[in-house]
Amino acid sequence: MKLYNTLTRQIEEITPLQAPTVTVYTCGPTVYDYPHIGNWFTFIRYDLLIRTLRMSGFEPKWVLNITDVGHLVSDADEGEDKLEKGAKREGKTAWDVAKFYADYFTEGLKRLNFTQPHELPKATEHIAEQIQLVKELEAKGFTYVIDDGVYYDTSKFPKYADFARLDLDEQQAGARVEVNAQKRNPTDFALWKFSPKDHQRDMEWDSPWGKGFPGWHLECSAMSRKYLGDTLDIHSGGIDHVPVHHTNEIAQSEAATGKPFANVWMHTNHILINDEKISKSLNNGITLEDIEAKGFSLEAFRLHVLESHYRSQSKFSWESLEAAQNRLKAYQQMADMVYQPTTTGEKLDKHKWRMELEASIQNDLDTPKFLAVVSALSAHVTENGIHNEGEAEDLQFLFHLIDEVLGTNLFWGNDITEEQKQIIAEREKARENKDWAKSDELRDQLTEQGIGLNDMPNGTIWFRL
RNA sequence: GGCGCCGUGGCGGAGUGGUUACGCAGAGGUCUGCAAAACCUUUUAUGCCGGUUCAAUUCCGGUCGGCGCCUCCA
């Protein structure tokens, strides 16, 4: 299986340290508000990675963190903590807000049929590990203390700019003016922030340096190490994290352990709505509830996400979602051909289709190609039908493979009832006798039961409505 | 200024060095008891300029245009 590695900017073969186990750490959500579909796009693509690893014979060990403290409104370590801000907005404590949206998120994982991560660690439950990491960095001389916190001295880590290929001098020319004059370098970031003196935070802890809370980047370094070790096989996250968050994680982790932090970095691109990015200020965030309110299934949404490649800047529109829903239905109708053998047409080559499906998805998670193969398979089945038991089993096998990768449920796995089959047979008789009134009545009966009919040249095909 | 991405038919969106997925929307048609489905036709597209090649939408260079991150944000 191959994946594009941001570290090397190349597509590479996945070679885990301890095959078949593959350790995967993913930067999860900051739980201060409802996730919008852009967030879900990203997470669904990580789930795709896990599923594809599993399909490829690996045993992924997946840690997806939940940020519930310390993520400031500005990555420059200025401004409010998002959690505290959310608490003010809703008239609750930061703890209440964190719990509510963390629960909402984990429920969302289930609603969208995610693979269950091995761990969903929360930053607030790993304060001790984070403090320990700062101590290690302090002992190695990477830290310094100023008025508002303990900072990481990025000039002590020579490789700092390498990962994102930053030109630090040039970057400063176009970037905003740094506010904190006490920082030694503009790129230095907070490991531990002190609580403000003028008011009481909802979330704060004691530390060797004073009461406060961890810097945002710290949690990922501390928690990934705890659950997956010093060096990760794959670390994934949003593309926006390349220049700051992941750059800082690398600086922290590698300074502490002296080992490579992650061998492969996977980054997902963002989506656009009406050619604009999704942002709080534009107020164009769509939620899962909005999607369901418009009558679309979350499964259709999932398929829509996978119609574009994870590294491309794709667009979301209601028209596209509708197209995805139609496509989903077409696939499901094909899956039901398993129960409806016919007698003519070309045979199904299970081995060929399997190879094509696997080859496409294992090549840097090429879901557009994968779906093109599924569509081709669909066309084949529509045209040629399914001939016998063996072929029905082959098609079932292929559908299990497709569902495993996409996280969809195209294949229901159960036939219609004997009574329903009886109705279809009776209707056939009525049609032979040209008793159209009875024939239509029987068809209506099935329609009410959610079964539709297509009268094909060589027989009637049923499908679920 | 730095890092990166993209320019395809009415729309969304793929693949492919030579025969143009798929979905949505519109028009006409074949088939059908009707319906549905399928198929056919309809405006069969690849920003622009060069280069490589027998052949480029597909590779290379340039150019124009759009976008993202560097600032909240996946």
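Every chain is numbered from 1 and lettered A, B, ... according to where its sequence line falls, protein lines coming before strand lines.
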In whole angstrom, give the distance that lies between atom [atom1] of [X] and atom [atom2] of [N].
{"X": "A:E322", "N": "B:G13", "atom1": "CD", "atom2": "C1'", "answer": "16 Å"}
{"X": "A:W216", "N": "B:U71", "atom1": "CH2", "atom2": "P", "answer": "12 Å"}
{"X": "A:K315", "N": "B:C5", "atom1": "NZ", "atom2": "C1'", "answer": "13 Å"}
{"X": "A:H267", "N": "B:C5", "atom1": "NE2", "atom2": "C1'", "answer": "15 Å"}
{"X": "A:Y4", "N": "B:C3", "atom1": "OH", "atom2": "C1'", "answer": "11 Å"}
{"X": "A:F296", "N": "B:C24", "atom1": "CZ", "atom2": "C1'", "answer": "11 Å"}
{"X": "A:D162", "N": "B:G4", "atom1": "CG", "atom2": "P", "answer": "13 Å"}
{"X": "A:N326", "N": "B:A38", "atom1": "CG", "atom2": "P", "answer": "11 Å"}

Name the nucleic acid region contacted by [X], choosing base, sugar-phosphate or nothing; use a 4.0 angstrom heavy-atom cut-off, strictly under.
{"X": "A:L371", "answer": "nothing"}
{"X": "A:T30", "answer": "nothing"}
{"X": "A:S317", "answer": "nothing"}
{"X": "A:I461", "answer": "nothing"}
{"X": "A:R311", "answer": "nothing"}
{"X": "A:G452", "answer": "nothing"}

Side-chain ion pair, A:K88 and A:E84, N-O less than 4.0 Å:
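Salt bridge between A:K88 and A:E84, a charged N being under 4.0 Å from a carboxylate O: no.
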
Rounding to an integer number of angstrom, what distance separates [N] and [M] when you compare their [atom1] atoms?
{"N": "B:G9", "M": "B:A37", "atom1": "C1'", "result": "26 Å"}
{"N": "B:U71", "M": "B:G62", "atom1": "C1'", "result": "33 Å"}
{"N": "B:G33", "M": "B:U19", "atom1": "P", "result": "40 Å"}
{"N": "B:G18", "M": "B:A55", "atom1": "P", "result": "14 Å"}
{"N": "B:U46", "M": "B:U8", "atom1": "C1'", "result": "4 Å"}
{"N": "B:A25", "M": "B:G10", "atom1": "C1'", "result": "8 Å"}
{"N": "B:G50", "M": "B:U41", "atom1": "C1'", "result": "38 Å"}
{"N": "B:C54", "M": "B:G66", "atom1": "P", "result": "38 Å"}

Under 3.5 Å for both donor-acceptor distances, Watson-Crick or wobble: does [N] have a partner, and if so which one?
{"N": "B:C22", "value": "B:G12"}
{"N": "B:G17", "value": "none"}
{"N": "B:C69", "value": "B:G2"}
{"N": "B:A56", "value": "none"}
{"N": "B:A27", "value": "B:U41"}
{"N": "B:G7", "value": "B:C64"}

The side chain of [X] is closest to which nucleotide in this list: [options]?
{"X": "A:R431", "options": "B:A74, B:C24, B:G33", "result": "B:G33"}
{"X": "A:P243", "options": "B:G33, B:G15, B:C69", "result": "B:C69"}
{"X": "A:R327", "options": "B:G15, B:G12, B:C22", "result": "B:C22"}
{"X": "A:S312", "options": "B:C67, B:A14, B:A74", "result": "B:A14"}
{"X": "A:Q313", "options": "B:G12, B:C3, B:G68", "result": "B:G68"}
{"X": "A:K369", "options": "B:A21, B:A74, B:G15", "result": "B:G15"}
{"X": "A:N454", "options": "B:G23, B:A14, B:A37", "result": "B:A37"}
{"X": "A:S320", "options": "B:C34, B:G68, B:G12", "result": "B:G12"}
{"X": "A:A372", "options": "B:A74, B:G33, B:A21", "result": "B:A21"}

Answer with yes or no whether [X] presents, from its side chain, a donor or acceptor under 3.5 Å of a partner atom in the base of [N].
{"X": "A:S375", "N": "B:G23", "value": "no"}
{"X": "A:R443", "N": "B:A35", "value": "yes"}
{"X": "A:D440", "N": "B:G33", "value": "yes"}

Is the NZ or CZ atom of [X] both under 6.0 Å from the centre of the six-membered ring of [Y] and within 45° of that ring's axis?
{"X": "A:R184", "Y": "A:Y151", "result": "no"}
{"X": "A:K85", "Y": "A:Y32", "result": "no"}
{"X": "A:R311", "Y": "A:Y4", "result": "yes"}

Checking the side chain of [X] only, and the main-chain atoms of [Y] only, is there a donor and an acceptor separated by less than 3.5 Å?
{"X": "A:T447", "Y": "A:R443", "value": "yes"}
{"X": "A:S314", "Y": "A:S308", "value": "no"}
{"X": "A:S221", "Y": "A:L218", "value": "no"}

Taking only side-chain N and O atoms of A:R45, does any of them lie within less than 4.0 angstrom of OP1 or OP2 on B:A74?
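It does not, given that no N or O in the side chain of A:R45 lies less than 4.0 Å from OP1 or OP2 of B:A74.
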
Strictly by modelled atom types, are A:E219 and A:N65 linked by a side-chain donor-acceptor pair under 3.5 Å?
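Note: A:E219 and A:N65 side chains meet the donor-acceptor criterion.
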
Can A:H241 be called stacked on B:A74 when the rule is centres closer than 5.5 Å and an angle between planes below 30°?
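It does not: the ring fails the test against the base of B:A74.
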
For A:G28 and A:R9, find the nucleotide of RNA chain B closest to each by heavy atoms; which residue's nucleotide sits nearer the 5' end?
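First, find each residue's nearest nucleotide; the 5'-ward one identifies A:R9.
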
A:I423 CD1 to A:E428 CD distance, which is reported to the nearest 0.5 Å:
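Those atoms lie 13.0 Å apart.
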
